[in-house]
Amino acid sequence: MESAATTNHMEIVYERPVTLTDTPMHYCPGCGHGVVHRVLMEVINEMGIQDRTVGVAPVGCSVFAYNYMNVDMQEAAHGRASAVATGIKRVLPEKYVYSYQGDGDLAAIGTGETIHTVNRGENILMIFINNAIYGMTGGQMAPTSILGQVTSTTPYGRKSDLNGFPLKITDLVTQLPGAYYVTRQSVHTAAAVRKLKKAIEASFKYQPLKKGTCFIEVVSNCPSGWKMTPIEANAWMEKNMFPLYPIGDLKVPKQN
Amino acid sequence: MESAATTNHMEIVYERPVTLTDTPMHYCPGCGHGVVHRVLMEVINEMGIQDRTVGVAPVGCSVFAYNYMNVDMQEAAHGRASAVATGIKRVLPEKYVYSYQGDGDLAAIGTGETIHTVNRGENILMIFINNAIYGMTGGQMAPTSILGQVTSTTPYGRKSDLNGFPLKITDLVTQLPGAYYVTRQSVHTAAAVRKLKKAIEASFKYQPLKKGTCFIEVVSNCPSGWKMTPIEANAWMEKNMFPLYPIGDLKVPKQN
Amino acid sequence: MKTAHEIIIAGFGGQGVLSMGQIIAYAAMKEGKEVSWMPSYGPEMRGGTANCIVIVSEEKINSPIVSTFDSAIILNQPSLEKFADHVKPGGLILFEESSIINPPSRTDVEKLPVAALEEAQKLNKRQVANMILLGAFLERRPLVAPENVLKALKEVLPERHHHLLPLNEQALLRGKQIALELAHESVL
Amino acid sequence: MKTAHEIIIAGFGGQGVLSMGQIIAYAAMKEGKEVSWMPSYGPEMRGGTANCIVIVSEEKINSPIVSTFDSAIILNQPSLEKFADHVKPGGLILFEESSIINPPSRTDVEKLPVAALEEAQKLNKRQVANMILLGAFLERRPLVAPENVLKALKEVLPERHHHLLPLNEQALLRGKQIALELAHESVL
Amino acid sequence: MEPTSQRVDSSTQAETRLMKGNEALAEAAIRSGMQAYFGYPITPQSEILEYFTAEAPKHNFVVLQAESELAAINMVYGAGGAGARVMTSSSSPGISLMQEGISYMASAEIPCLVVNVQRGGPGLGTIQPAQGDYFQATKGGGHGDYRLLVLAPASVQEMADFVFDGFRLADKYRTPVLILADGALGQMMEKVVLPPSGSLPFIDKPWATTGKPASRERNILTSLHMEPEKMEEINVKLQDKYRKMQQEVRYEVIGAENPEMVIVAFGLTARICLKAIELAKERGIKVALLRPITLYPFPYDAIARLTSTAYAFLTVEMNAGQMVEDVRLAVNGKRPVYFKGRMGGMIPSPEDVLLEIETIAEKQQTTTV
Amino acid sequence: MEPTSQRVDSSTQAETRLMKGNEALAEAAIRSGMQAYFGYPITPQSEILEYFTAEAPKHNFVVLQAESELAAINMVYGAGGAGARVMTSSSSPGISLMQEGISYMASAEIPCLVVNVQRGGPGLGTIQPAQGDYFQATKGGGHGDYRLLVLAPASVQEMADFVFDGFRLADKYRTPVLILADGALGQMMEKVVLPPSGSLPFIDKPWATTGKPASRERNILTSLHMEPEKMEEINVKLQDKYRKMQQEVRYEVIGAENPEMVIVAFGLTARICLKAIELAKERGIKVALLRPITLYPFPYDAIARLTSTAYAFLTVEMNAGQMVEDVRLAVNGKRPVYFKGRMGGMIPSPEDVLLEIETIAEKQQTTTV
Amino acid sequence: MIRGTVLINRDICKGCELCIAACPQDSLGLSDQINRHGYRYVQLVQDNCTGCINCALVCPDCAITVYQEPRAKAKSSAQRVPAL
Amino acid sequence: MIRGTVLINRDICKGCELCIAACPQDSLGLSDQINRHGYRYVQLVQDNCTGCINCALVCPDCAITVYQEPRAKAKSSAQRVPAL
Ligand SMILES: Cc1ncc(C[n+]2csc(CCOP(=O)(O)OP(=O)(O)O)c2C)c(N)n1
Ligand SMILES: Cc1ncc(C[n+]2csc(CCOP(=O)(O)OP(=O)(O)O)c2C)c(N)n1
Ligand code: SF4
Ligand code: SF4
Ligand code: SF4
Ligand code: SF4
Ligand code: SF4
Ligand code: SF4
Ligand SMILES: [Mg+2]
Ligand SMILES: [Mg+2]
């Protein structure tokens with residue numbers, strides 16, 4: 001530990017939440033997964049719901065989320081996190097249940113489960129990390145990869161005629177009557193992180209109302225998969241992903 | 001054969017197309033599947049593309065479509081017709097390829113394939129028979145069943161909190177950039193049948209342009225599953241399904 | 001009667017073939033007998049033919065599927081062609097008269113043509129033709145007591161159709177009568 | 001040299017451990033030898049440790065996975081701890097000097113510490129440390145001819161990095177020199 | 001439309017009813033205290049889901065028609081992991097789609113009940129009864145080394161009873177249990193004595209993910225272990241469990257004492273063989289039936305013991321020859337093992353089987369003369 | 001990031017290269033005239049898809065990253081049914097998801113090549129090499145009675161060669177063929193002599209759905225046959241085909257003539273055993289290796305013949321004991337059959353195997369003394 | 001008014017009555033007879049058919065062939081297939 | 001201006017530099033040393049930290065603890081967790 005100024009007489013204004021385990025995270029330097037994990041755990045800590053929360057980890061870089069998140073967790077098969085979360089929530093309707101998935105997991109192999117979970121309006125929070133690539137398996141094209149993006153399976157850039165178009169799955173789920181709250185956030189600046197935190201807070205507050213699914217897309221980075229430094233990656237994300245995946249709310253509950 | 005008036009000196013103004021086999025169809029009396037089959041085969045006959053067309057049958061009441069449609073056909077696993085059609089079209093890009101699926105097939109188990117096929121803009125025609133029920137397996141709830149609808153798995157009526165909402169999958173695929181032409185039609189009147197025929201014609205004309213997927217939903221009936229006479233069924237459909245699934249074009253190619 | 005009685009009931013779907021079998025099975029069970037009811041469950045779609053095998057036995061039933069029968073109750077021509085030869089010598093072939101164009105030619109079985117449809121029309125309800133057949137059958141093969149058949153009927157019919165019970169009872173009786181009348185002329 | 005030479009090369013991911021092995025294998029193949037290169041392919045994510053087993057043989061290679069080695073080229077401390085005891089008596093442990101805090105204590109093997117990182121810094125390219133180690137290794141175990149190593153390098157390096165070939169050659173040479181210098185003081 | 005047996009009110013009393021196998025199974029599940037069912041319609045077992053949806057309002061269980069079998073099995077994973085007594089059911093093609101999920105559950109040790117009311121395959125096949133999924137059920141249709149405890153009912157009564165056994169064993173071994181039935185068993189009606197409700201106790205599941213209280217570490221359910229050493233450990237643990245499961249082996253032997261011939265058959269086929277054995281007896285051939293009730297664990301020893309009296313074994317299945325491999329492994333070369341199968345939805349008749357018996361008996365005669 | 005072996009230009013000449021198994025397989029596929037590939041990334045075989053996407057512009061084949069393994073296998077069905085030389089590849093969990101599709105293809109007789117580069121299971125498991133999918137591959141992980149022709153490569157060379165064999169056999173028998181490799185074979189580099197392009201002829205596929213000309217009836221590819229009689233007919237036809245396929249059995253025997261002990265092992269494990277056999281020889285124990293190259297058809301007869309000389313058999317696998325059942329069936333009780341396995345991504349070492357050999361040899365000594 | 005007529009394939013007609021509902025002329029009605037599949041089939045009950053083909057368009061079983069007196073310019077939407 | 005400071009867990013810092021970019025005070029910089037995972041870690045390079053917690057908010061590895069001189073009314077968005 002290192003600190004230039006002395007901390008005597010100072011008070012802690014930010015520290016690791018107890019809901020985050022001590023295990024150092026395996027993510028690459030600068031990877032957005034870590035930030036989202038932390039913010040999620042901060043909210044659970046601050047809301048005091050650690051003992052009533054069950055999370056579902058996906059297959060993807062965040063497959064080990066359960067090593068870091070200090071809540072009961074299940075690790076789902078690739079793409080099925082929302083089905084697993086459905087199973088949990090249906091038998092434990094009073095618990096807080098969330099799923100956490102990448103773009104390959106949620107928007108490729110898991111498309112059917114994603115659409116139907118939201119369409120049923122399962123009273124869960126779905127967190128969707130869109131980094132426009134398959135991080136874990138070594139940087140292959142994701143459904144959300146942008147046109148022209150070079151990945152290990154689009155070495156000459158994604159072309160719509162060969163590989164289809166970037167899939168805006170969040171826009172699709174927004175259409176579904178089961179969606180209660182849908183928002184798209186990011187974690188590349190302190191301000192963005194604060195907004196994401198509010199969105200997660202709101203989602204957990206909505207959950208006991210049983211009004212439907214809360215769905216949060218986080219437009220994120222993959223420095224390794226994109227072959228960039230974290231700073232470059234965030235800049236690339238702002239420049240190339242934000243126009244396609246604009247940050248902001250897509251559906252907010254009607255005041256009543 | 002029976003005819004009150006003599007047919008001497010008269011000419012045939014409607015007869016069975018040669019693209020429809022002689023096999024009597026196994027569908028229940030009044031079932032819309034038969035009409036759609038016939039219209040589809042009329043178009044193929046009239047366009048003279050029988051020798052360049054490959055169809056894909058689903059699992060559902062129309063599983064035996066290949067017994068009636070006099071074109072080369074493959075029978076796909078439940079929900080995978082559009083993946084099978086993708087496989088065919090990718091290796092035979094100059095042929096006309098269509099898939100034919102029910103609502104359980106296309107919008108439940110096959111949701112992922114449906115979304116991704118259209119999102120890739122596969123240059124095929126997808127025909128989607130929405131009869132708001134699983135006809136083949138005995139009248140279970142379909143993703144498109146309407147709220148309150150009594151089916152063998154919603155004996156007290158479909159409830160959104162238990163069973164989710166009617167899934168307007170055609171509205172979803174309309175959003176996808178790969179969709180070139182999306183329309184919703186029906187077959188309960190002669191006028192409706194004429195419109196459907198136009199839609200199918202248009203779709204096959206678009207196919208060689210390689211501009212993306214043509215998607216035709218046919219809002220149809222299931223007298224047996226709904227436990228109604230065909231006439232009652234069509235009336236019920238107009239009254240209950242059309243408001244939710246309004247007939248008309250959802251996406252038409254831009255003129256250019 | 002020997003310890004097990006094996007019956008095939010066959011016709012078109014919708015003729016009440018399957019419930020006929022169920023009623024026999026249910027009534028026999030109520031009498032403490034061993035029973036099994038095995039439908040030929042059709043293709044995953046409507047229509048077509050339907051049949052079921054019912055076994056009523058004093059002992060535990062092993063195979064619920066048999067290929068020869070003590071009795072056959074036949075409601076259409078294709079079924080007759082399929083099953084007529086599978087009735088054991090000395091067995092019974094009971095059939096709906098108007099539905100059968102070519103009656104069975106076997107001479108080593110009892111043949112009982114019942115004009116059930118016609119009779120049902122007379123009762124103003126085509127749907128009870130199967131009960132007429134059942135009544136006739138039970139007259140010739142009294143596997144279960146009539147009062148138990150009525151009880152079974154009550155159990156098998158959905159509540160909302162219970163007002164039809166008297167009509168069904170009437171049909172059963174009519175069937176019994178017909179069989180009695182025919183008994184005199186029946187050819188072995 | 002006996003008919004097969006079994007080598008382990010181990011370090012952190014990104015240190016060029018795997019390509020070192022590939023270069024040896026490729027060069028040996030060009031010389032008509034049998035070769036195998038077996039990476040420990042890591043978890044489905046970035047980072048962590050990496051190693052590969054390279055076998056160069058006059059004869060057909062059966063198991064590409066072995067648990068004792070003729071030579072070990074070690075680039076970090078965890079790898080040294082993992083593999084030091086698996087080097088056959090009389091074998092070679094070559095290691096990057098600055099990365100190893102506790103050098104191997106065995107006395108029945110040849111130990112060759114090479115300050116590859118330091119030397120690479122001198123060449124203004126940390127990334128060629130692995131070539132320095134390779135040069136040193138081939139000096140002590142001349143499994144393949146230097147010209148074939150250069151050829152292999154050309155094949156293994158992506159085209160866009162071909163301008164680095166001279167630098168790599170320099171590094172190889174520097175490694176050779178170091179090994180020669182050390183040879184005099186090396187302890188068995 | 002086929003008639004449906006009358007619905008019964010689950011009760012704390014045992015009750016005798018005439019029911020379809022599918023319905024008896026569903027009613028038994030309700031009485032067993034099942035807490036959740038997730039499934040997708042498929043013939044010949046859709047009655048199970050239908051029965052649950054009709055009964056649900058009267059009881060306190062979850063029933064959900066999933067969007068696919070894939071979703072269903074993963075919902076089962078979630079609910080089972082959360083500690084619920086949970087099940088799913090399907091028929092052959094649908095069960096194939098569940099293979100990945102089943103492998104996951106075996107590995108993460110999620111107790112649950114899976115019911116396969118088999119139909120004729122391969123492919124879409126037919127909806128007629130078959131036993132073509134024996135290999136898939138007993139050797140593991142999914143990837144990796146795992147086993148399911150497999151129960152093979154042969155009557156409507158067993159369709160009901162094995163639900164209780166299945167849930168009990170699933171909890172006991174923290175493992176998915178499979179009931180391997182067939183379309184005929186699902187569709188036929190027989191008398192069934194329904195077990196009383198509440199007779200199957202619930203056990204503590206301290207490993208379940210129900211929310212981490214301060215008093216314990218978080219619970220994690222996973223099948224991922226990147227270190228092969230750790231993954232091997234998991235496998236060793238599973239294999240130990242499977243060894244322990246051997247004690248659950250069940251079978252019955254019916255027919256001749258000191259038989260000259262033994263038929264091995266399971267499920268409905270076994271009952272058909274009993275009829276054939278009666279016929280054979282009339283012809284003076286002493287045949288016994290060995291009916292495996294658990295297909296995994298398989299009654300190898302029981303079969304091996306019979307090699308001392310029987311001169312031949314005949315395996316009868318509604319498939320092209322699957323269990324016969326296990327019978328051969330049990331007999332281990334000591335006696336000839338014959339096979340008779342019907343496929344694609346065809347049911348062997350007692351006469352089919354009798355013919356085999358006679359042929360084998362004749363062969364034996366010629367050999368011994 | 002691991003380095004990737006250099007890409008080579010497919011050519012009409014045979015070429016010698018140093019390549020990863022996955023890449024050699026992909027390059028061989030291109031040279032074999034493969035017309036379409038559909039796949040979904042999964043470690044340890046993603047290089048196959050990556051290789052194809054990099055090479056596609058230079059050649060005339062279709063490569064498509066599907067949205068899932070489920071979609072991929074059904075695209076294979078479509079393309080194969082349309083007459084194309086088509087393949088997919090995946091690793092264990094992904095292959096489980098393909099089981100329904102594979103059963104469909106076997107039934108509809110769609111020729112294609114499926115590659116399983118196995119990793120440790122069950123469940124998500126680990127990405128390290130394993131052979132835990134032997135049962136799934138050889139007994140049918142999907143539903144119904146069907147078999148795949150299964151080839152088990154043991155070297156990078158065979159990873160390449162078996163693509164040619166696979167496509168040839170798939171066409172010959174109108175059947176899906178499976179290459180059962182493992183992660184180590186996919187990731188390791190060896191010398192490979194790449195077969196020249198164009199050396200694998202194309203055959204006529206009059207059954208393919210390519211559009212119905214006036215000159216023939218329409219072609220229908222289906223696995224549905226509602227009449228059980230018809231479905232049984234289909235099954236009989238399939239079983240006939242599988243019997244004919246027995247002639248394709250391949251294996252090799254290496255090591256001592258008239259061995260006292262025979263090791264049966266496939267794939268990479270076989271090569272590890274060879275090393276162990278060398279070590280055993282030094283200790284005076286004469287051991288031979290029988291390596292099944294086709295896992296289905298399995299070399300039962302070849303193994304049975306060896307029972308005349310060997311006093312014991314040892315099966316070594318990277319699983320909990322799967323092929324050993326087939327070895328037992330082949331040996332049929334004539335000799336003891338031992339098993340040594342490592343699981344969950346662990347690779348047995350030659351020393352592991354040697355220990356088993358010595359233990360068996362000792363046991364034999366004590367018995368014979 | 002143009003004269004037409006229809007030929008109904010009574011063997012494949014399922015008596016769904018959709019054609020009856022679709023006929024603007026009320027020309028069609030159910031027969032009292034049943035065909036070999038057990039269905040009451042449709043027949044012409046009035047000789048006022050115009051050959052508008054509406055009935056044929058809605059028939060799910062393609063059981064209806066429609067004839068019409070020749071006109072200078074046929075306007076039916078169905079292609080004229082020569083009756084071979 | 002409020003005074004603050006940060007404590008950086010150098011063992012888990014991965015040197016991604018995102019905190020450096022996020023700091024409005026330019027208080028942070030990369031050290032020349034590497035930690036045991038091989039990463040150059042971050043350290044305070046100027047003593048002008050205000051305790052605004054921006055750095056902590058963007059840190060993917062939760063490597064930063066932030067301190068601040070007590071104010072009458074703390075306005076940080078993070079919950080005050082008593083340091084036990
Ligand atoms: C059935 C199955 N298919 C494929 C895989 C391989 N796989 C693991 S993670 C992954 C994709 C991960 O991408 P994403 O969901 O975007 O997560 P990220 O790593 O980018 O966070 C894939 C294809 C698998 N484990 N299981
Ligand atoms: C994998 C699989 N799951 C389930 C089934 C059973 N099944 C056959 S058709 C069908 C649904 C049919 O409904 P739909 O697609 O709406 O077609 P329809 O019959 O209404 O035309 C189902 C669930 C199957 N054959 N395969
Ligand atoms: S590969 Fe990408 S998504 Fe995965 S940990 Fe690294 S940076 Fe994050
Ligand atoms: S069940 Fe419904 S969809 Fe199927 S044929 Fe009958 S009416 Fe048509
Ligand atoms: S052609 Fe027109 S007028 Fe004639 S019967 Fe048909 S619908 Fe009626
Ligand atoms: S529409 Fe066709 S099937 Fe229906 S009644 Fe008329 S002719 Fe018959
Ligand atoms: S953001 Fe965190 S991990 Fe990155 S450099 Fe700063 S302290 Fe280190
Ligand atoms: S707390 Fe604010 S001022 Fe202090 S180092 Fe972090 S970002 Fe800079
Ligand atoms: Mg991603
Ligand atoms: Mg439908």
Side-chain angles (χ1 to χ4, degrees), chain C residues 3-4 6 13-48 50-57 59-68 86 130 148 151-159 161, chain E residues 1-8 16-22 41-47 91 117 119 124 126-129 154-157 183-192 254-255 268-279 289 291 318 345-353:
Chain C
T3 123
E6 296 161 342
Q15 288 180 307
V17 155
L18 300 180
S19 41
M20 243 189 321
Q22 276 189 12
I23 291 166
I24 299 175
Y26 194 88
M29 182 186 82
K30 283 286 159 201
E31 296 184 7
K33 303 205 175 86
E34 296 291 328
V35 296
S36 76
W37 174 91
M38 172 70 83
S40 76
Y41 57 97
E44 281 178 301
M45 65 200 64
R46 326 287 115 244
N51 71 59
C52 62
I53 299 172
V54 177
I55 305 180
V56 175
S57 174
E59 287 162 24
K60 211 172 158 200
I61 295 163
N62 42 44
S63 177
I65 296 167
V66 290
S67 38
T68 62
H86 293 261
N130 63 338
N148 288 325
K151 266 190 211 152
L153 205 55
K154 214 165 165 180
E155 293 280 349
V156 168
L157 265 189
E159 196 97 41
H161 291 152
Chain E
M1 290 282 291
E2 290 161 33
T4 290
S5 32
Q6 85 275 33
R7 303 251 146 90
V8 303
T16 306
R17 297 282 169 172
L18 181 72
M19 288 184 106
K20 279 191 172 192
N22 284 333
I42 184 169
T43 310
Q45 63 79 54
S46 298
E47 293 87 354
S91 179
V117 183
R119 56 192 235 180
L124 189 48
T126 158
I127 56 172
Q128 301 303 318
S155 63
V156 172
Q157 184 65 54
L185 281 168
Q187 296 298 325
M188 71 187 277
M189 287 179 131
E190 287 186 313
K191 185 176 78 179
V192 54
I254 310 178
L268 185 73
T269 313
R271 292 174 59 177
I272 293 164
C273 291
L274 275 182
K275 179 101 183 179
I277 288 172
E278 268 177 26
L279 300 174
L289 171 79
R291 174 170 78 98
M318 294 198 282
M346 293 299 289
I347 302 176
S349 69
E351 291 74 17
D352 282 347
V353 180

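A quick note: this is a predicted structure, and the numbers were derived from the prediction, not measured. Below, chain A is the first sequence line, B the second, and so on; all start at residue 1.
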Side chain, backbone, both or neither of [X] within contact of chain E (heavy atoms, under 4.5 Å):
| X | result |
| --- | --- |
| C:M29 | side chain |
| C:I53 | neither |
| C:V66 | side chain |

Between [atom1] on residue [X] and [atom2] on residue [Y], distance to nearest 0.5 Å:
| X | Y | atom1 | atom2 | value |
| --- | --- | --- | --- | --- |
| C:S63 | E:I347 | OG | CD1 | 8.5 Å |
| E:K191 | C:Y26 | NZ | OH | 12.5 Å |
| C:K60 | E:L274 | NZ | CG | 8.5 Å |
| C:S36 | E:M188 | OG | CE | 5.0 Å |

Item to check | salt_bridge(C:K33, E:E190) N-O dist < 4.0 Å | outcome: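 No, C:K33 and E:E190 are not salt-bridged.
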Item to check | Largest heavy-atom contact set with chain C, pairs under 4.5 Å, which of E:G183, E:P350, E:S349 | outcome: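 Counting heavy-atom pairs under 4.5 Å, the top option is E:G183.
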Checklist entry - Mind checking what makes side-chain contact (heavy atoms from CB on, under 4.5 Å) contact with C:E159, not counting sequence neighbours? => result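 For C:E159, the residues satisfying side-chain contact (heavy atoms from CB on, under 4.5 Å) (neighbours in sequence not counted) are C:H162.
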Item to check | Residues that E:T269 engages under side-chain contact (heavy atoms from CB on, under 4.5 Å), provided they are two or more places apart | outcome: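 With neighbours one apart ignored, the set is E:Q131, E:A265, E:C273, E:V316, E:M318, E:P348.
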Next on the checklist: Using heavy-atom distances under 4.5 Å, tell me whether E:I254 contacts chain C through its side chain, its backbone, both, or neither.
Outcome noted: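 Looking at E:I254, nothing touches chain C.
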Next on the checklist: Using modelled atom types and a 3.5 Å cut-off, is there a donor and acceptor pairing between side-chain atoms of E:R271 and backbone atoms of C:N62?
Outcome noted: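 Side chain of E:R271 to backbone of C:N62, a donor-acceptor pair under 3.5 Å: yes, one is there.
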Checklist entry - Less than 4.5 Å apart, any side-chain heavy atom of C:V156 and any of E:L18? => result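 C:V156 does not reach E:L18 side chain to side chain.
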Checklist entry - Does the side chain of E:M189 come within less than 4.5 Å of C:Q22's, by heavy atoms? => result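 C:Q22 vs E:M189: side chains touch.
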Checklist entry - Which atom pair, heavy atoms only, marks the closest approach of C:W37 to E:Q187? => result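 Scanning both residues completely, I find the closest heavy atoms to be CZ3-O, 3.4 Å.
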